Protein chains: 2
Amino acid sequence: MALEHAILVSLAEKSASGYDLARRFDASIGHFWQASHQQIYKVLGRMEGDGWVESELVAQGGRPDKKVYVMTPAGRDELELWTSKATPIEHLRSEFAVKLRALPFGDFAAIVDDVRVRRRAHQERLAYYADSAARFYPDPDDLRPDEIGGWLVLRGGILAEETGIVWCDEILQRLDPEGTER
Amino acid sequence: MALEHAILVSLAEKSASGYDLARRFDASIGHFWQASHQQIYKVLGRMEGDGWVESELVAQGGRPDKKVYVMTPAGRDELELWTSKATPIEHLRSEFAVKLRALPFGDFAAIVDDVRVRRRAHQERLAYYADSAARFYPDPDDLRPDEIGGWLVLRGGILAEETGIVWCDEILQRLDPEGTER
DNA sequence: CGTTGCTGTGCAACTACATGCATAACCGGT
DNA sequence: ACCGGTTATGCATGTAGTTGCACAGCAACG
């Protein structure tokens, strides 16, 4: 139910076409809420029906026309209403955790490999976040009010990835102590 | 796609009825993979069709009959096959993160409240996990092989909740420094 | 001159999951 | 005698999201 609101936030920052939004979801926002372009187009249609956004067809030289969506006052009201209500607590849902519990019944070596792959993925994302933080927020002690949200989200990502690495290391320590020390 | 496998893991540990499984999902397993009883019954039906499980009707004095499901050799093969394949990396999906990015456009006080609610939820779950760890794994340096998976999953939960609390504290420090110090 | 890749929008089919409802018997309390 | 709770199984409907496919023009590369 949050895709609508993620789109509203994005449009509040800057009006955009569905294609633009899809790219934003591939980049910054998408690290915390993924959406395919198909899904975005579908939801944008619904949002226009609800009066939260309006679209304008913009012709472009050479390139295909695009529909630029703009948030309406009704959309801004909806966004504020949404922030005023409590966020339902989302609990973990980890296929990886299920796999760990399957350890006694499964392929031990493959699972250990899986942990290593996972650790690498965490490290890569951590590096990406650290880089983003350094680039977009070089001085985190002196942020503009409109920067605080983005910074805090990035911090959450960094903390989560660091924790993921710690967990993987604990797992590897248990399952393959020699391989870990090497 | 992992509900089938979560059920297989659970049945590998002990045969059970749909009702029993639903209760297990409410308790231990469910902290990392939730499922309603409706969903469980539906998936059990499909799994029986695929030959991964077999059911036997058991009459009970007084109480309603129950269908006890037992994992078949084909089910065990499937479980092992599943563990041998890499787990797709699941990325974060946090409505809460979206809400943080909505800070400049939303209800500031309500969002701060939301962080506090969230922090409390993390603390409660952390306490629950810590309690489970103390009760079921009193001596974590000396675990039986079949206990390692459960222990590691619990460790993951503990690490995740601790990180959640740290994140909430960072957020409150930024958004409401006076309220935090009090 | 063909292939690949980017920009741009969208439909159709399917799956997983949530929500609401239905049924049925037994047990304990007021 | 009625009410609520527990055990036990399931259907029916709806929604969010995934996957696959389609169309269209332009640019760059070999």
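Note that this is a predicted model, so its numbers are computed, not measured. Excluded from the calculations below are hydrogen atoms, water molecules and symmetry mates; all remaining heavy atoms, backbone and side chain alike, are included. Proteins get letters first, then strands, A, B, ... in listed order; numbering begins at 1 in each.
Taking 4.0 angstrom as the limit, A:Arg23 places none of its side-chain polar atoms (N or O) nearer than this to OP1 or OP2 of C:dC6. Phosphate contact (OP1/OP2 of D:dA24, side-chain N/O of A:Arg63, threshold under 4.0 Å): absent. Considering only side-chain N and O atoms, B:Arg93 lies under 4.0 angstrom from the phosphate OP1 or OP2 of D:dG17. In terms of phosphate contacts, A:Gln60 brings no side-chain nitrogen or oxygen within less than 4.0 Å of OP1 or OP2 of C:dT7.
Nearest heavy-atom pair, B:Glu90 versus A:Ser94, reported as atom, atom and distance to 0.1 Å: OE2-OG, 3.3 Å. The shortest non-hydrogen separation linking A:Leu175 to B:Ile148 is CD2-CG2, 3.8 Å.
Straight-line distance from the NE2 atom of A:His37 to the C1' atom of D:dC23: 12 Å, rounded to whole Å. Summarising the geometry, the separation between CD1 on B:Ile40 and P on C:dC17 is reported as 11 Å, rounded to the nearest angstrom. Rounded to whole Å, atom P of D:dG17 lies 13 Å from atom CG of A:Leu44. Computed from coordinates, the B:Asp65 CG to C:dT23 C1' distance equals 14 Å when rounded to whole Å. Distance, A:Gln39 CD to C:dT15 P: 17 Å, rounded to whole Å. Between the P atom of C:dC14 and the CZ atom of B:Arg46 lies a distance of 15 Å, rounded to the nearest Å. To the nearest angstrom, C1' of D:dA12 lies 17 Å from OH of B:Tyr41. Protein atom CG of B:Asp26 is 14 Å distant from nucleotide atom C1' of D:dT7, rounded to whole Å.
Between D:dT7, C:dG8, D:dG10, one nucleotide has an atom nearer to the side chain of B:Tyr69 than all others, and that is D:dG10. The side chain of B:Lys66 lies closest to D:dA8, out of D:dA16, D:dA8, C:dA18. Taking the side chain of B:Tyr19 as heavy atoms from C-beta on, and the options D:dT9, D:dT18, C:dA24, the nearest nucleotide is D:dT9. The side chain of A:Gln38 lies closest to C:dC11 when the candidates are C:dC11, C:dA18, D:dG10. For B:Lys42, the listed nucleotide lying nearest its side chain is D:dT13; candidates were C:dA16, D:dT13, C:dT19.
Between the side chains of B:Thr87 and A:Lys99, a donor-acceptor pair is found at a separation under 3.5 Å. Of the N and O atoms on the side chains of A:Glu162 and A:His122, not one donor lies less than 3.5 Å from an acceptor on the other residue.
Within the nucleic acid shown, B:Lys67 comes within 4.0 Å of sugar-phosphate atoms alone, with no base atom in reach, counting heavy atoms only.
Checked against a 6.0 Å centroid threshold, the rings of A:Phe25 and A:His37 do not count as neighbours.
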